[in-house]
Colleague: 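This is the structure I have questions about; it appears just below.
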2 protein chains.
Amino acid sequence: MLKLAILGFLYDRPLHGYQLRRHLAALTGHVRPISDGTLYPAIKRLEADGLLVRETEPGTAAAPRHTLHLTGAGRTALLDQLREPEPLDISDENRWFTLLAFLRQLDDPAAQAVVLRRRLAFLAEPASFFYDGDRPLGAEEFADPFRRGLLLIARATSEAELAWLHATLAELEGALTD
Amino acid sequence: MLKLAILGFLYDRPLHGYQLRRHLAALTGHVRPISDGTLYPAIKRLEADGLLVRETEPGTAAAPRHTLHLTGAGRTALLDQLREPEPLDISDENRWFTLLAFLRQLDDPAAQAVVLRRRLAFLAEPASFFYDGDRPLGAEEFADPFRRGLLLIARATSEAELAWLHATLAELEGALTD
DNA sequence: CCGTGATACCTCGATTGCGAGGTATGGTCT
DNA sequence: AGACCATACCTCGCAATCGAGGTATCACGG
């Protein structure tokens, strides 16, 4: 997840760790900045895998800045992850939204394929939540306002996404048949 | 997260591990069942902490079933986590939704306090996402349909939740002033 | 001139989670 | 009889993440 996001941001332009942290904070909702203890080891992992290189700028600011650049392997790794041939797990919202943030890096047919897979996984999703014994409960059966809230919010999100999926697929269809 | 969910489900009734797994799968969206390698160690942790006890039913089925019961400490631990005095981090959706699923176990004033804190955190959330250099970008500035989608979906979710928050607070207010 | 906060980076231990493997039993289908 | 699946539980090692700590430099206000 973090790996995907780091590669995605660096694809646009080289950044140093601190800028990267700000970008990541924005992506995750502006509230939970990825902690340093998560970010810097992740950068090291990517460096060890040869997906990025650091260029040290001495004397620029207080601490020695390390500007991070994607390597060719890094760019390939990002595009591979975006294309992701396996079916897209709907319950992994974080992964999907991160993917969405960088999907424009793919060409139209590849992006379309990803969006189509998402719609497929989406439509296959069973709508039930919670059980009474072994019987799944429908949304209307909840006396509990909190669980009802959970379902209402989940539904609103689903509907918004489905609407967007359709609009975007139509748009891509248009672009591809021109 | 898992801990909260396990305590929450066992609060209603004792279950054995397999049933628990089904409940958890439903909560996480019916698609990504918590893996065994996650669930059973989590149960052991809770047992070691004295929050639950297992009662073995021999000969019931194929394998020896362990019916899991919350202890008094387990019930207290759940209620404490639900009350959670620290401000509720909005970006941690999973935690919030799990909490919501079991919030009815609190009495009305305590639940109201939690919902109020959520609304507070919610209204304090800055609406911007992504940067161009150091300048945060508004929703309308995106030529990229994928990032626009991200924002559209996030907004729909926010609005649905805010509407629910208001409705529920009004409801609780009514119940408390009667 | 001293404290505070922002910038910038790093490490360590502990926890959490996953995937892949394993062990059984009992029922159903062929 | 054999294959196969669902039930039911378990362990191991690996990877990711967090939280709390640390080290600097520079800018600004009092």
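Just so we're clear, the structure is a prediction, and the values are computed from it rather than from any experiment.
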Colleague: Would you find a donor on one side and an acceptor on the other, under 3.5 Å apart, between the side chain of B:Thr71 and the backbone of B:Gly50?
Modeller: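 Yes, the answer is positive, given that a donor and an acceptor are paired below the 3.5 Å cut-off.
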Colleague: Round to the nearest Å and state the distance from B:Leu39 atom CG to C:dT16 atom P.
Modeller: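 From B:Leu39 CG to C:dT16 P: 14 Å.
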Colleague: Check A:Arg119 against A:Leu165 and note the closest heavy-atom contact, atom names and distance.
Modeller: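 Taking every non-hydrogen atom into account, CA-CD1, 3.9 Å.
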Colleague: Give the rounded distance in Å between these two atoms: CG of A:Leu4 and P of D:dT17.
Modeller: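 Answer to the nearest Å: 11 Å.
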Colleague: Using a cut-off of less than 4.0 Å, is there contact between a side-chain N or O of A:Tyr40 and OP1 or OP2 of C:dC10?
Modeller: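 Answer no for this pair, as no side-chain N or O of A:Tyr40 is under 4.0 Å from OP1 or OP2.
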Colleague: Would you say A:Arg22 reaches C:dA6's phosphate, i.e. side-chain N/O to OP1/OP2 under 4.0 Å?
Modeller: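 Answer no for this pair, as no side-chain N or O of A:Arg22 is under 4.0 Å from OP1 or OP2.
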Colleague: Whole angstroms only, please: what is the CD1-C1' distance between B:Ile34 and D:dC10?
Modeller: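 That distance rounds to 17 Å.
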Colleague: I'd like a list of close polar pairs between nucleotides 14-16 of chain D and the protein, N/O only, cut-off under 3.5 Å.
Modeller:
residue: D:dA16; atom: OP2; partner: A:Arg45; partner atom: NE; Å: 3.1

Colleague: To the nearest Å, how far apart are A:His66 NE2 and D:dT23 P?
Modeller: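 In whole Å, D:dT23 P lies 18 Å from A:His66 NE2.
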Colleague: Can you see if the side chain of B:His16 gets near the phosphate of D:dA8 - specifically, an N or O under 4.0 Å from OP1 or OP2?
Modeller: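 Yes, such a contact exists.
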Colleague: Taking 4.0 Å as the cut-off, does a side-chain nitrogen or oxygen of A:Arg21 come that near to OP1 or OP2 on C:dA6?
Modeller: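 The answer is no; no side-chain N or O of A:Arg21 sits under 4.0 Å from OP1 or OP2.
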Colleague: What is the distance from CD1 of A:Ile43 to C1' of C:dA8, rounded to the nearest Å?
Modeller: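 About 11 Å, once rounded to whole Å.
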Colleague: Could you state the OH-C1' distance from B:Tyr18 to C:dT23, rounded to the nearest angstrom?
Modeller: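 B:Tyr18 atom OH is separated from C:dT23 atom C1' by 14 Å.
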Colleague: With a 3.5 Å distance limit and no angle check, can you tell me whether B:Glu159 reaches the backbone of B:Ala156 through a side-chain donor-acceptor pair?
Modeller: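 Here the side-chain-to-backbone pair does not exist.
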Colleague: Side chain of B:Arg54 only, please: which of D:dC9, D:dC18, C:dC9 is the nearest?
Modeller: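 Nucleotide nearest to B:Arg54's side chain: D:dC9.
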Colleague: About how many Å separate CG of B:Leu150 and CG of A:Leu99, when rounded to the nearest 0.5 Å?
Modeller: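 So the CG of A:Leu99 and the CG of B:Leu150 are separated by 10.5 Å.
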Colleague: NA contact type, A:Gly37, heavy-atom cut-off 4.0 Å: base, sugar-phosphate, or nothing?
Modeller: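 Touches a base.
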Colleague: So, taking the atom named CG in A:Leu20 and the one named CG in A:Leu24, what distance separates them when rounded to the nearest 0.5 Å?
Modeller: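 CG of A:Leu24 is found 5.0 Å from CG of A:Leu20.
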Colleague: Counting just side-chain N and O atoms, does B:Lys44 come under 4.0 Å of either OP1 or OP2 of D:dC9?
Modeller: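 Checking B:Lys44 against D:dC9: no side-chain N or O falls below 4.0 Å of OP1 or OP2.
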Colleague: Are B:Phe102 and A:Phe146 an aromatic pair by the rule of ring centers under 6.0 Å?
Modeller: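 No, the ring of B:Phe102 stays outside the 6.0 Å limit from the ring of A:Phe146, centre to centre.
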Colleague: Please report the distance, rounded to the nearest Å, between CD in A:Gln19 and P in C:dT7.
Modeller: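 Taking atom P of C:dT7 as the reference, CD of A:Gln19 is at 11 Å.
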Colleague: Any donor-acceptor pair under 3.5 Å between the side chain of B:Asp36 and the base of D:dC9?
Modeller: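 Flag set: donor-acceptor pair detected.
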Colleague: Let me know the distance between CG of A:Leu24 and C1' of C:dC9, rounded to the nearest Å.
Modeller: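 Between C1' of C:dC9 and CG of A:Leu24: 16 Å.
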Colleague: Output all residues satisfying side chain to side chain contact (heavy atoms under 4.5 Å, CB included) with A:Ala42, sequence neighbours left out; order by chain, then residue number.
Modeller: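 Checked A:Ala42 against side chain to side chain contact (heavy atoms under 4.5 Å, CB included); matches are A:Leu2, A:Ile6, A:Arg45.
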